[in-house]
Amino acid sequence: MSTEDRPPAPRSLAEALRARGDAALGALLRSRPDLITPVPTDLTQLATRAGTRASVVRALERLDRFALQTAEALAVAADPASYGELLGLMAGDDADQAVVAALPHALDVLREQALVWGDDDRLRLVRTARELLAPSPQHPSPTGLGPSVREATAGMSPGRIQEIVTAAGLASTHDSVSAVSALAGLFTDRARMAALLADAPADSVEVLERLVWGPPYGQVTADPAPRLRWLLDRGLLLPTAPGTVVLPREVALHLRRGLAHRTPEPVPPVVEAAAVHRPQVVDSTAAGQAYTALATVEELLKDWDEGGPAVLRAGGLSMRDLKRTAVALDVPEPVAAFWVELAYAAGLIASDGEADERYAATPAYDEWREQPPAERWSRLVTAWLAATRTAGLVGGRDAKERTLSALGPGLDRSAAPEVRHRVLALLAGLPEGAAPAAASVLARLRWERPLRGDRREDDLRGRLAEWALSEAELLGVTGRGALSAQGRALLGAPAAAAPGPEAEPSGPGDKLPVHHHHRPAPLAPLSAAEQAVASAAAARLLAPLLPEPLDHVLLQADLTAVAPGPLRRPLADVLGVLADVESKGGATVYRFTPGSVRRALDAGQAASDLHAFLAAHSRTPVPQPLAYLIDDVARRHGHLRVGAASAYVRCDDDAVLSEILADKRAAGLGLRRLAPTVLAAQADPSGLLEGLRAMGFAPAAESAEGDVLITRALAHRTPPRTAPEPVPDGPPVPDDTLLAAALRAIRAGDLASTTPRKPGAAPAVNGEPPRTGAAETLATMQAAVLTGEALWIGYVNAEGAASQRVIAPVRVEGGFVTAYDHTADEVRTYPLHRITGVAELADDAG
């Protein structure tokens, strides 16, 4: 394209955005969704919003390291800079070929994000980004460069500038501006600069070498040493304040051989595989972890079935209750906190909202238990992927030095879902069965989000990534550190390519070299509908790997029962009441005790029911000791009756009551005899029941009518509760429908604000549509109906929002104008009283 045919260079970011197509504008709004909330009225407003400090900071935080390095280099380059200048700063005098190859993509990213605009010969970093990244004494540049010669000599006297020019071997000039330009020209001329430094004393060169990579500032005394004086006389060091000197940017760049950064990082760090396992081993190991996860969550909720721990006044679990939960689950406290938070995120537990507020299972838990195991796992991992609550923070301190508790406030971290997804996506990029080296995953994440990884919240992203790796293993998304087949399906990822012959490790501990000569396309987070489909696919892959539930146990003569695998729901529920779990592992061992049998009788079972149940579900005959235990407990069960007086005990055998009164352990119950078969107590009925059971009796509670009260398990549930909503990390990414509507509205507003007016039209003030009276507005509308001309109007809707539109009036009657709206591309009717002004368009307006 010739120079004459080339479109004029944009003079502002708004003009640069105006030259973009809808696809490029849509990419900008997707990458920076804060720009669309609310939808800008036109492209000028969009450009203004894209230059605000909060929006620019957010955009910079989402750049990878090389794109950020490119922006930092532009911040220390001339404004505007050419592509050649930028390439020199990034690749240096040696023209690093990796940088040369990667720079166009990095510049495209900055342009797409509206952080850079202009053609290659006039690249401009948006002003706010330059202010954030340019060096200053208060905010040193990440490049380690100091101010330019012009900036450093801004307050220096003309006489001193002339002295420096002369000492540097340059001809004196008549003004400071030309003198500073000559000095900067010297420092940027490689040959002349090399000749100047060749005459420098060795200790002076050593001073420059200490400052060259930053920080560029140093301290000097009122009488500098000769090595410093030599540098000061020639402007190689310039004073910025009393006792402080700085290395000018041009000098540093010469010493750095043109590099703005000591180590440009154009290529992301490779995620290394620390070990490789057979995919079948990975999948089966992950399935075992998934089954354990389901069993752990069930055990947690079973422990809280009749009302869990109390809710702290500030919200959450106390550390004492968390320790009790960890002991009950036989896991460390941080792992217990994870399971508690996971059940909460999945909507399975919540506070009951009572006056004495406690945590309990929700009605959704009962629905969850009835689902097939793979679907239950799918629900847990889907909730985990999207949750912003971060269990790893439990036990730490917030900004006010308060301890962060499980289920309490302050645990939301909006970056958590993105980090989890990105960690799993990096694992998906490895060959099947490859487990990554954790350090290489963290290095890759720091490269992808350097501002968030190095400077915010003590490397929060790094800690989130470490937690994601361990939590994925606990849930069975990974097995032996490698992403399982069901984990890949959960991400919507295709199956990974098998490693080539040259990549096979010699042993499980050997590292697998994975060489990427290109940057793999990252897996994008899925929408809610896509995630539901992916989760269902993951469940289908997991289902065949989970053990089939059994309908039998093995009863043994030592009053134990062995379950060689997971049990079906009715059998597991009844056995959980009738016996106590003694040990877990590949098989679960249950022990029958008088207390456990009494618990089953309290739940409404009869001795005959228990005998029939055991006979039906045991592969071995019911041992005689177990049958005797059931009959013995049943014979004594309900012999004593406890009711409410404050409380009383009655028994047909007065000798038993006499035995109770004589027992020293009954002293705390406050018992006294009212009749030969009745004792009154000061304790309440529940306390009296527990006290008598502790003494070895088997009392039963009774109602006011004298009937035995049956206590049913699984009685306590919260009212219906919804799972906690994740806290978003800024505005959500717009979907295609919203994006199309927003682009249409922005284009429409821009058309209205930039369409040429007729010379005689009322002038606009500050870009606003002109104000016209009602009579003039009506007359102009009626005339346009006859001529078919288009008009430019200002319009205020019923909510008070003002906009500008280009319309072609078709009919004016009854206080309304019906017109074809060019900005909306449809026919609309507008009340005339809401039209604030009208102007005719120029004849050549498009």
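Under the 4.5 Å side-chain criterion, counting only non-hydrogen atoms from C-beta, Arg379 is not in contact with Trp384. Between Leu35 and Ser55 the shortest side-chain heavy-atom distance falls below 4.5 Å. Looking only at side-chain heavy atoms (C-beta outward), Glu341 and Thr390 stay at 4.5 Å or farther from each other. Between Asp34 and Arg58, some side-chain heavy-atom pair lies under the 4.5 Å cut-off.
For the pair Glu72 (side chain) and Ala260 (backbone), a donor-acceptor distance under 3.5 Å is absent.
The pair Lys302-Glu298 does not count as a salt bridge, with every side-chain nitrogen at least 4.0 angstrom from each carboxylate oxygen. Here Arg480 does not pair with Glu473 in a salt bridge; the nearest charged N to carboxylate O distance is not below 4.0 Å. Using a 4.0 Å cut-off between charged side-chain N and carboxylate O, Arg278 and Asp283 make no salt bridge. Ion pair Asp366/Arg717 flagged as a salt bridge, since at least one NZ, NE, NH1 or NH2 atom sits closer than 4.0 Å to an Asp/Glu carboxylate oxygen.
Applying the salt bridge (Lys or Arg N to Asp or Glu O under 4.0 Å) rule to Asp321 yields the partners Arg324; only residues at least two apart in sequence or on another chain are considered. Listed by chain and number, the residues in a side chain to side chain donor-acceptor pair (under 3.5 Å) with Thr292 amount to none (sequence neighbours excluded).
Sequence neighbours left out, not one pair with a member in residues 325-336 passes side-chain hydrogen bond (donor to acceptor under 3.5 Å, both in side chains).
For Thr362 against Ile349, the heavy-atom pair with the smallest separation is CG2-C, 3.7 Å.
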Apply the test salt bridge (Lys or Arg N to Asp or Glu O under 4.0 Å) to residues Glu418 and Arg461: give CA-CA distance (whole Å), side-chain angles for both, the deciding distance (0.1 Å), then the verdict.
CA-CA 10 Å; Glu418 178 201 349; Arg461 284 178 64 87; 3.6 Å; yes
